[in-house]
There are 2 protein chains.
Amino acid sequence: MSSYVEENYLKAIYKLTERNKDGAYTNDIAYELNVKPGTVTEAIKKLGEKGLINYEKYKAVTLTKAGKMIAVKTIRKHRLWEVFLVEKLGFKWDEIHPMAEELEHINFEELTERLDNFLGHPEFDPHGDPIPNKDGVFSNHKSVKLTSIALNTPVVMTGIENHTTSFLQHLDKLGLKLGVQVAVKEIVDFDKSVLVSVNGKKGFYLSHDIAHNILCK
Amino acid sequence: MSSYVEENYLKAIYKLTERNKDGAYTNDIAYELNVKPGTVTEAIKKLGEKGLINYEKYKAVTLTKAGKMIAVKTIRKHRLWEVFLVEKLGFKWDEIHPMAEELEHINFEELTERLDNFLGHPEFDPHGDPIPNKDGVFSNHKSVKLTSIALNTPVVMTGIENHTTSFLQHLDKLGLKLGVQVAVKEIVDFDKSVLVSVNGKKGFYLSHDIAHNILCK
DNA sequence: TATAATATTTAGGTTTACCTAAATGTATTT
DNA sequence: AAATACATTTAGGTAAACCTAAATATTATA
């Protein structure tokens, strides 16, 4: 199995396992990777034989220590390249994902470490996601959803939980980027939408759905 | 055929055609890419059908305009990444080839152009090879081999014609890097080795083989 | 608990990019 | 020009990563 494909499976399983502690299901992995379930069964059997995941027929799979390390290192590379693309090449946060998706599979440890150094050892990527260090350790975030912030309590926007282009572009349009100060001024009883102020100035209403995907500290 | 494989075939054919105007031979392509001749026959047939090369049974192949453009763009990406690796990440010129060999296959035009811009539109890579512009046009070099420089005529080292690690490391050891001033002080009749001065200081003898792989202007 | 719904696996197939080895074509030499 | 050497192609095969569709497990529901 090529490292390209392998890393994508492990990354998908990592992501799904974060959401569902039991592990990752065949169908969900298939959806995540845009392949058919039968293809996934074949792949996870091989990853099991390689000792990268714990595979038992008809059960959700989990990563072994070795598999988790590969997944996390792939995430590390992805996020470091995203920082490079934004900080050094001037791309916008909604443009970088497809490029990082390719760059993350370039495996030269020295390249990754020198890139990290060149970028000044960033702790977070342009979307506010933490970048694991070379041993696979994440610095802790401790941010919470905007929907759980008390009224009139100023907080700083630190991340997002949805990475779709349309969501990112909409936030741009609203001036909602990482680092801005936000406060919830009102929660609309009818639809749970929230009135927010941005950097002190009177702001606008955000749907519950949007507010729910914004992380603050 | 994946763009990864395709680009490698076209690059190999480009390189071989530079050496031999007739075109590239099956066996040579196979040697260049570390595959067997039968594999090459299969591949060049497909590239012919795609209109990227001119293929006729038992004849040397040449690139079509379209094929040449892909080859040159791959070379452009390769050399730009090499500049990045040396100028920004601090790698040495003998370490970068394998990394650039992977990075060159990442195909996002905007990425390439922004990288070029970030690097200040370099004209040459760390080995002194010219970097084609985005239309595939090379700036002209006009450098000549050190073996053809007249006695006591100071010139500047601008490139090399051998990219092996051992050659590059040997040049490093001798202090022969791009930009140094070199002059041929003596040509030894016995073995055609040359005595060179480097940056004005009395230098050392270089074998004809080494001198023949050094380019100057 | 039997049945229906859903998830997973299996079986059989395709394409790509490689292989080996035999067959055929081209070039060189005597 | 025949024989030999060498290059190229063809034929048949493999492994990886995908597919569809049928078969089998598991889970949920009546």
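A note on names: the letters A, B, ... follow the listed sequences, proteins ahead of strands, and every chain is numbered from 1. Note that the coordinates shown come from a computational prediction; the quantities given were computed from them, not determined experimentally.
- Between B/Phe118 and B/Phe84, the ring planes are tilted. Angles from 30° to 60° get that label.
- Counting non-hydrogen atoms under 4.0 angstrom, A/Thr26 reaches the backbone sugars and phosphates but no base.
- Proximity of A/Lys45 to the phosphate of C/dT10: a side-chain N or O atom is located under 4.0 Å from OP1 or OP2.
- Put simply, A/Asn27 has no side-chain N or O that comes within less than 4.0 Å of OP1 or OP2 on C/dT6.
- Atom NZ of B/Lys50 is separated from atom C1' of C/dT15 by 13 Å (rounded to the nearest Å).
- We find that OH of B/Tyr25 is positioned 16 Å from C1' of D/dT9, with the value rounded to whole Å.
- Protein atom OH of A/Tyr4 is 20 Å distant from nucleotide atom C1' of D/dA15, rounded to whole Å.
- Applying the 4.0 Å criterion to OP1 and OP2 of C/dT16, one finds that B/Ser2 has every side-chain N and O outside that range.
- Among the heavy atoms of the strands lying under 4.0 Å from A/Thr39 is at least one base atom, whether or not backbone atoms are also near.
- With rounding to whole Å, A/Tyr31 atom OH is found 16 Å from C/dT8 atom P.
- Of the two residues contacting DNA chain D, namely B/Pro37 and A/Lys46, the nearest-nucleotide position lying further toward the 5' end is that of B/Pro37.
- For the pair B/Glu42 CD and C/dA17 C1', the interatomic distance rounds to 7 Å; values are reported in whole Å.
- Looking at heavy-atom distances under 4.0 Å, B/Tyr9 makes contact with sugar-phosphate atoms alone, never a base.
- For A/Thr41, taking side-chain heavy atoms from C-beta onward, the closest of the listed nucleotides D/dT9, D/dT20, C/dT9 is C/dT9.
- Atom NE2 of A/His105 is separated from atom P of D/dA17 by 13 Å (rounded to the nearest Å).
- Closest approach to the B/Tyr58 side chain among C/dC19, C/dT24, D/dA25 is made by C/dT24 (side chain taken as heavy atoms from C-beta onward).
- Between B/Lys77 and B/Glu82 there is no salt bridge, since none of the side-chain N atoms of the basic residue sits less than 4.0 Å from a carboxylate O of the acidic one.
- Regarding A/Glu56, its CD atom lies at a distance of 11 Å from the P atom of C/dT9, rounded to whole Å.
- Using a 30° and 60° split on the angle between ring planes, B/His78 and B/His97 fall in the tilted class, from 30° to 60°.
- Taking atom NZ on B/Lys57 and atom P on C/dT26, their separation rounds to 9 Å, with Å as the unit.
- Side-chain N/O atoms of B/Ser207 and B/Asp209 include no donor and acceptor closer than 3.5 Å.
- Nucleic acid contact class of A/Tyr55 (heavy atoms, under 4.0 Å, all strands): sugar-phosphate only.
- A distance below 6.0 Å separates the ring centres of B/His127 and B/His163.
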